[in-house]
Amino acid sequence: MRFVLLMSLFAPLFGNSLAQGQESRLPACSTAQLAAAADMQKDFDPVLFAGASIESLDDLLNFSAAHIAWRDVMWAQAPLCDEVFNLGLALDQIAEVIFINLTLRSAGVADEESPYVELGKKSAVEMARLNEIISSASDDGAAASGDKRACSSDERQFVAGDIWSEIVDLLNAAYAVETFVALREFMDLKLEWRADIWPQLPPCKEAYDIATWMYRYSSDLAKIYLLDLFGVPRADNPYGEAYLDGLIQYSEYAQWVDMTGSDFRSLPSCSGTTVSDDLYDALERHHNWTETPHDKADDLPAFAAAHIEWRDSLRTAWASLPGCKEAFEIALLTLQITGDAATIPALATSGIGLAELGKAYQERVVSAGDRIGELKRDLQTKREADDAKPAVALAPCSDEQLDILFDDLQGFIALREQALESRGPEDLIAYIQALFGWRDLLWTALPGCSDALEIAALMIQTAGDYGSLLALELAGVPADANPYMAQTDLGINQFKEWHAEVWSRIEGPVATPAPSKTYYVAANGYAVLRSCASVDCEKVGIAAEGEALNVVDDSGDWFEVYIGAGVIGYIPREMMSSEPPATE
């Protein structure tokens with residue numbers, strides 16, 4: 001692979017000036033969002049430069065690493081609007097074309113036989129079209145927003161049904177690849193899938209998150225197979241780790257699909273029903289406790305006590321929480337926002353340079369507060385309706401709904417362990433980042449039933465209390481004066497009681513993975529993970545050579561591996577080693 005090959009690739013990419021826009025159902029971008037897209041293009045320049053410098057296999061691997069780093073940030077920040085999203089897609093595809101077309105050429109595939117030549121032309125034309133739109137947009141001074149609307153119940157049903165079934169078909173085709181001919185057929189199929197799926201996507205967060213994840217995931221598989229042609233060990237393949245991250249993401253999306261129709265957003269609307277006066281009054285008192293002085297360290301214990309007192313009043317009102325989605329959401333959001341608000345003064349008072357962490361909290365307080373305002377106005381309207389009827393109470397969780405909570409409970413236990421090991425500012429920052437990540441995941445997969453509400457509230461409360469406890473410690477509040485010390489102990493005891501009581505109802509409950517041992521894939525290239533301990537069982541993933549895996553049972557001929565999101569895979573004993581791979 002030489003520089004001249006890459007230049008001959010770029011020539012057809014940028015030689016066509018005719019624009020053909022990507023079909024999209026997304027809303028048009030605001031001028032502020034278009035202005036932000038200029039940074040997306042600028043950040044891509046080093047990736048393109050790395051692509052133009054490819055003269056060896058090492059250069060190709062370095063380019064791959066740069067592409068992965070760029071795309072992870074880009075897809076996380078890109079707002080869900082037409083021009084910016086499609087610019088990101090075009091840039092991502094150009095990077096993919098550079099990699100795959102070079103490797104196909106080196107494998108002897110002529111340009112006219114490669115579907116990626118045409119894709120490269122279209123992507124470059126699309127990039128030029130969108131850059132012209134972006135460069136001509138004037139900044140109106142408005143803040144760019146990356147917020148993405150959550151899918152409605154109907155949109156979720158569509159994604160979980162029509163879209164997900166095609167994803168499963170594409171994955172099955174990927175796992176069946178065993179020859180170069182089959183790989184090329186899979187690459188054609190992947191491009192056909194994207195062209196078919198994109199026009200169908202509803203313009204909401206989960207739909208585009210799942211579709212873009214699948215496009216990256218299947219692309220990474222193809223690149224892994226292609227690098228095999230050059231003898232690159234799986235452990236050295238930049239796309240190997242990205243693929244395994246995608247495998248865990250697959251488990252989480254599969255969980256989201258499985259619970260669609262039973263999550264809290266699928267509950268009936270509160271429209272036409274009354275909402276408990278006790279609950280509404282508790283919500284009205286939301287801001288009262290924040291009036292307690294909290295400007296210096298000596299004020300923080302009383303401020304925290306006021307927060308805890310208010311929170312208890314809300315929890316008491318939940319006994320009559322109606323079984324409708326608006327009430328369910330506002331109760332948890334209010335608990336979350338007040339926990340975040342309780343931590344901000346401690347971070348500010350600590351004086352140890354945690355301004356960015358306080359800002360991250362504040363952004364979440366504002367975002368959740370806006371949503372609370374919408375829901376409270378909705379609740380007030382329904383409360384005053386003359387013909388309103390009492391809502392049906394939340395039902396207990398089914399066994400399937402409790403199973404959905406499996407990983408959320410494991411994540412909470414891991415958070416607690418992390419909090420107990422935290423000692424200073426850096427540990428606190430790491431804990432808060434983990435807290436936000438766990439909490440965001442909880443919101444995407446929370447069943448609409450009474451047990452789930454109870455344990456979700458308890459986990460959100462207790463995990464937030466650990467953050468407040470650590471922040472107050474750093475602000476100089478003595479342990480015997482820190483109200484959150486007793487609150488975290490109480491929360492953990494209640495969590496254990498709930499777990500013992502509720503889980504005992506399930507016949508054959510999902511077992512919590514035993515303490516795992518770390519093993520490494522010793523297979524030549526990769527090992528297939530299967531759904532049970534047999535070569536006849538369904539493939540659930542692929543682990544790279546040298547990859548560390550969490551083995552929860554190593555007693556038999558097949559090792560039982562915990563993948564994530566409640567998913568277990570099995571790998572033959574002979575393909576695993578207790579020793580990490582040797583490093584050069």
Side-chain angles (χ1 to χ4, degrees), residues 9 12-28 67 71 74-75 78 80-101 103-104 109 111-130 133 151 155 158-177 181-223 225-226 246 250 253 257:
L9 168 64
L13 289 189
F14 297 99
N16 193 335
S17 61
L18 297 177
Q20 188 68 36
Q22 166 69 39
E23 184 177 358
S24 174
R25 302 171 68 182
L26 295 174
H67 172 222
R71 77 177 187 189
M74 186 275 292
W75 284 119
L80 199 55
C81 61
D82 181 38
E83 295 86 357
V84 176
F85 182 87
N86 282 304
L87 174 62
L89 177 63
L91 295 174
D92 203 5
Q93 288 183 157
I94 286 173
E96 181 177 7
V97 167
I98 292 172
F99 178 96
I100 292 184
N101 212 50
T103 50
L104 286 178
V109 178
D111 283 354
E112 56 269 21
E113 298 178 4
S114 170
Y116 283 85
V117 171
E118 186 62 26
L119 177 65
K121 293 178 181 178
K122 291 181 178 179
S123 298
V125 169
E126 179 72 350
M127 182 188 73
R129 180 185 75 87
L130 294 168
I133 295 174
C151 292
E155 288 169 333
F158 176 74
V159 173
D162 295 19
I163 301 297
W164 189 254
S165 63
E166 296 197 32
I167 285 176
V168 172
D169 290 343
L170 185 61
L171 281 178
N172 288 335
Y175 292 149
V177 170
V181 172
L183 172 61
R184 291 184 56 192
E185 292 174 350
F186 166 69
M187 292 164 66
D188 288 342
L189 184 63
K190 179 177 73 74
L191 295 179
E192 293 172 4
W193 174 86
R194 198 204 69 79
D196 176 57
I197 287 296
W198 240 255
Q200 301 183 52
L201 292 176
C204 55
K205 174 179 170 52
E206 293 91 340
Y208 275 83
D209 283 352
I210 289 175
T212 52
W213 154 78
M214 184 57 199
Y215 187 69
R216 297 196 306 272
Y217 184 61
S218 55
S219 295
D220 288 348
L221 259 178
K223 293 166 188 172
Y225 291 144
L226 280 170
Y250 169 73
Y253 285 139
V257 168

Enter the distance from [X]:[atom1] to [Y]:[atom2] here, rounded to the nearest 0.5 Å.
X    : Y    : atom1 : atom2 : value
I197 : T212 : CD1   : OG1   : 12.5 Å
K223 : T103 : NZ    : OG1   : 9.5 Å
K122 : Q93  : NZ    : CD    : 10.0 Å
H67  : S219 : NE2   : OG    : 8.0 Å
R194 : L170 : CZ    : CG    : 12.5 Å

query: After noting the C-alpha distance and the side-chain angles of V125 and K121, does the key distance pass the side-chain contact (heavy atoms from CB on, under 4.5 Å) rule?
result: CA-CA 6 Å; V125 169; K121 293 178 181 178; 5.5 Å; no

query: In terms of the angle between their ring planes, are W198 and Y215 parallel, tilted or perpendicular, with boundaries placed at 30° and 60°?
result: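 Rings of W198 and Y215: perpendicular, as their planes differ by over 60°.
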
- request: Give me the ring orientation class for Y253 and W164: parallel if the planes are under 30° apart, tilted from 30 to 60°, perpendicular past 60°.
  value: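 Perpendicular, since the angle between the ring planes exceeds 60°.
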
[Y] and [X], any side-chain heavy atoms less than 4.5 Å apart:
X    : Y    : value
L191 : M187 : no
I167 : W213 : yes
W193 : M214 : yes
L26  : C81  : no
N86  : L89  : yes
E206 : V159 : no
V109 : R184 : yes
E166 : Q200 : yes

Could you tell me which non-hydrogen atom of [X] sits nearest to which non-hydrogen atom of [Y], and how far apart they are?
X    : Y    : answer
N101 : S114 : OD1-OG, 3.0 Å
I94  : S123 : CG1-CB, 3.8 Å
L221 : A174 : CD1-CB, 3.4 Å
A173 : L189 : CB-CD2, 3.6 Å
A90  : E126 : CB-CG, 4.1 Å
K205 : C151 : N-SG, 4.2 Å

message: Apply salt bridge (Lys or Arg N to Asp or Glu O under 4.0 Å) to residues E96 and K190 and explain how you reach the verdict.
response: CA-CA 13 Å; E96 181 177 7; K190 179 177 73 74; 2.8 Å; yes

field: Qualifying residue, where the test is side chain to side chain contact (heavy atoms under 4.5 Å, CB included) with L183 and the options are L104, D188, L226
entry: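 Between L183 and the candidates, side chain to side chain contact (heavy atoms under 4.5 Å, CB included) is satisfied uniquely by L226.
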
- request: Dump the intermediate steps for ring pair (Phe, Tyr, Trp, His ring centres under 6.0 Å) on W75 and F85, then the final yes or no.
  value: CA-CA 9 Å; W75 284 119; F85 182 87; 5.1 Å; yes

